[in-house]
Amino acid sequence: MRFYVYAIHTDETRNRLHDVFDNNADAEALEKHMQKQIRPGDNYFVTMLPAENVDEARVKADEMRPLPQLNS
């Protein structure tokens, strides 16, 4: 299992994968650091997702979106 730190966008823009870790502690540290950087009006939130692979993590991230991504 790996740990994926994502910025989940609250509008129609793409989610952003920031980093991938082999251990939970490093992923949680980055997640907390990035959460502190969010300012009012930003269109995303940051979360860490455990997953077997990047495809599974992408699906989990997309499921958390409040709005569907626009096709580009």
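Note that the structure is a prediction, hence the values are computed from the model and not measured.
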Does [X] share a hydrophobic cluster with [Y], counting links as ILVMFWY side-chain heavy atoms below 4.5 Å and allowing steps through other members?
X     : Y     : value
Met34 : Phe3  : yes
Met48 : Val46 : yes
Leu49 : Val54 : yes
Ile38 : Leu30 : yes
Met64 : Val20 : yes

Could you work out, with side-chain hydrogen bond (donor to acceptor under 3.5 Å, both in side chains) as the rule, every residue matching Asn53, not counting sequence neighbours? none
Please evaluate residues Thr10 and Arg65 with respect to the criterion side chain to side chain contact (heavy atoms under 4.5 Å, CB included), reporting the C-alpha separation (whole Å), side-chain torsions for both, the decisive distance (0.1 Å), and the verdict. CA-CA 6 Å; Thr10 57; Arg65 298 177 64 89; over 6 Å; no
Which residue pairs satisfy the ring pair (Phe, Tyr, Trp, His ring centres under 6.0 Å) criterion with at least one member in residues 15-65, sequence neighbours excluded?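 Those involving residues 15-65 are His9-Tyr44.
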Restricting to non-hydrogen atoms, name the atom on Ala51 and the atom on Ala57 that form the minimum distance, rounded to 0.1 Å.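 Minimum heavy-atom separation between Ala51 and Ala57: CB-N, 3.7 Å.
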Hey, could you give me each pair passing salt bridge (Lys or Arg N to Asp or Glu O under 4.0 Å) that has a residue in residues 27-49? Not counting sequence neighbours. none
Who pairs with Arg58 by salt bridge (charged side-chain N to carboxylate O under 4.0 Å, His left out), at least two apart in sequence or on another chain? Asp55
State, yes or no, whether a side-chain contact exists between Asn43 and Thr13 at a heavy-atom distance under 4.5 Å. yes
With Glu52 via side chain to side chain contact (heavy atoms under 4.5 Å, CB included) - residues at least two apart: Met1, Glu56
